[in-house]
Amino acid sequence: MRTLKLGLALGAGGTKGAAHVGVMRVLDQAGIKIDAVAGTSIGSLYGGAYAVGRSSQELEEGIRDCPNFEVINFFRHRLKLRHNNRLSRRFYEALAGHHIEDLPTPYAATASDIVAHREVVITYGPIIDAIEASIAIPMLARPVAHQGRYLLDGGFWGSAPVSAAAGLGADIVVAVELGQPYELHPSLKAPAKWLAEKMADVPFARTIAGLPFTINAVTRPLPEGRTADLVIRPPMMHVNGNSPFGMVRCLDAGIEAAQAALPAIRALLAGEAPAAVAREFAPGAQLNPGLA
């Protein structure tokens, strides 16, 4: 009998991404194998660390033991994994030397091509380069030159990279959503587009080069796309994804939500109709618009 493969699609959300680790920890403890991981933004970082072989327990311990000032320094140094701050070094030591195509767990990171204005799914090459591109928040980090493109944060295209996870061979995709991509208020779209046009020629080497792309991304309607088989939304509505002070709370929220979703995940992997809880966690949310 064919065994169904489980893929995780881990969404963007800044420091709220600690919830991703909580979800992976619950699945590991339940003996449910994660066969593929696709991540965008913070989801690419935690998902990548897991894909190279770091255990969810190790990642959980790292979050619980991480001083707030280490996270602040990571942001202050523009989210560069090669920077000489303690948190960057920890991730660098875990990720350096690994190529995506050689990982024990199939993995993809999504980023944004700021020239072509499209999603990019990265499935080969050094994982550390892919993650630096996927987590490059506009106006905080400079565009990252990678594989012939200029890339920024991948969190503009949907709540989680569902199509990328399916593209890795997953039969069942569980998405972990930490929020929705930002969309500008209609009254602000016209002046925002005017500003983007005025800044179109800013050199890519400058941090501000990501602003025109960002403006265009938040002024277009979000496209409909593939839905996950099950969506987990950890309960952390009032947590600021730019703050380091709620990471342990987010980790625990991910654990709580994943535990509640376990019956539905088991049912899906058994080829059964989803349990009632699946409808609660996956109320027809439209996610990623498909592989680029």
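Hydrogens, waters and symmetry mates play no part in the numbers below; they use all other heavy atoms, side chains included. Quick note: residue numbers are just sequence positions, from 1.
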Exercise. Does any N or O in the side chain of K5 come within less than 3.5 Å of the main-chain N or O of D35, such that one atom is a donor and the other an acceptor?
Worked result: no

Exercise. Looking at side-chain heavy atoms only, is the closest gap between R64 and D252 below 4.5 Å?
Worked result: yes

Exercise. Do I100 and I122 come within less than 4.5 Å of each other through their side chains, counting heavy atoms only?
Worked result: yes

For this session: Rounded to the nearest 0.5 Å, what's the gap from NZ on K80 to CD1 on I135? Could you check?
Result: 8.0 Å

Return a table of donor-acceptor pairs under 3.5 angstrom between the side chains of residues 123-133 and protein atoms on other chains or two or more places apart.
from : atom 1 : to  : atom 2 : distance (Å)
D129 : OD1    : R82 : NH1    : 3.4
D129 : OD1    : R82 : NH2    : 2.5
E132 : OE1    : R82 : NH1    : 2.8
E132 : OE2    : L81 : N      : 2.8
E132 : OE2    : R82 : N      : 3.4

For this session: Please tell me if the side chains of N73 and R86 come closer than 4.5 Å, counting only heavy atoms from C-beta onward.
Result: no

Seminar exercise, completed: Heavy-atom closest pair (L140 atom, R78 atom, distance to 0.1 Å) is O-NH1, 2.8 Å

For this session: Just jot down the side chain to side chain contact (heavy atoms under 4.5 Å, CB included) partners of A116, sequence neighbours excluded, or say none.
Result: D113, R118

For this session: Only counting residues at least two apart or in another chain, list the ones meeting salt bridge (charged side-chain N to carboxylate O under 4.0 Å, His left out) with E58.
Result: R54

For this session: Determine which pairs satisfy salt bridge (Lys or Arg N to Asp or Glu O under 4.0 Å) with at least one residue from residues 90-105, sequence neighbours left out, and list them in order.
Result: E70-R90

Seminar exercise, completed: Contacts of Q259 meeting side-chain hydrogen bond (donor to acceptor under 3.5 Å, both in side chains) (sequence neighbours excluded), chain-then-number -> none

Problem set entry | Note, L79 side chain near L45 side chain (heavy atom, < 4.5 Å) | no

Exercise. Taking only residues two or more places apart in sequence, or in another chain, which ones meet R266 in a salt bridge (charged side-chain N to carboxylate O under 4.0 Å, His left out)?
Worked result: none

Exercise. What pairs of residues pass the ring-ring contact (aromatic ring centres under 6.0 Å, His included) test when at least one of them lies in residues 19-75, not counting sequence neighbours?
Worked result: none

Exercise. Is it true that a side-chain atom of S134 and a backbone atom of T110 form a donor plus acceptor pair closer than 3.5 Å?
Worked result: yes

Exercise. Which pairs, with at least one residue in residues 18-32 and sequence neighbours excluded, count as a salt bridge (Lys or Arg N to Asp or Glu O under 4.0 Å)?
Worked result: R25-E60

Problem set entry | Sequence-distant partners of S41, side chain to side chain contact (heavy atoms under 4.5 Å, CB included), two or more places apart | A12, D153

Exercise. How long is the span from the CG atom in L178 to the CE atom in M236, to the nearest 0.5 Å?
Worked result: 4.0 Å

Seminar exercise, completed: Rounded to the nearest 0.5 angstrom, the CD1-CG distance for I232 and L8 is 8.0 Å

Exercise. Atom CD1 of I265 and atom CG of L27: how far apart are they, to the nearest 0.5 Å?
Worked result: 5.0 Å

Exercise. Under 3.5 Å, is there a donor-acceptor pair between the side chain of D229 and the main chain of V174?
Worked result: no

Exercise. Do Q147 and V120 touch side chain to side chain, with heavy atoms closer than 4.5 Å?
Worked result: no

Seminar exercise, completed: Here the gap from L262 atom CG to I32 atom CD1, rounded to the nearest 0.5 Å, amounts to 5.0 Å

Seminar exercise, completed: Closest heavy-atom pair, I34 versus T105, reported as atoms and distance to 0.1 Å, is O-CG2, 3.9 Å

Exercise. If every non-hydrogen atom of V173 is compared with every non-hydrogen atom of A170, which pair is closest and at what distance?
Worked result: CG2-CB, 4.1 Å

For this session: Taking the side chain as every heavy atom from C-beta outward, state whether V71 and L87 have any pair of such atoms under 4.5 Å apart.
Result: yes

For this session: Please report the shortest heavy-atom distance between P138 and L152, naming the atom on each side.
Result: CG-CD1, 4.0 Å

Exercise. Between T40 and G154, is there a donor-acceptor pair closer than 3.5 Å when you use the side chain of the first and the backbone of the second?
Worked result: yes

Exercise. For N85, which residues count as a side-chain hydrogen bond (donor to acceptor under 3.5 Å, both in side chains) partner, sequence neighbours excluded?
Worked result: H77, S88

Exercise. Is there a donor-acceptor pair closer than 3.5 Å between any side-chain N or O of Y150 and the backbone N or O of R142?
Worked result: no

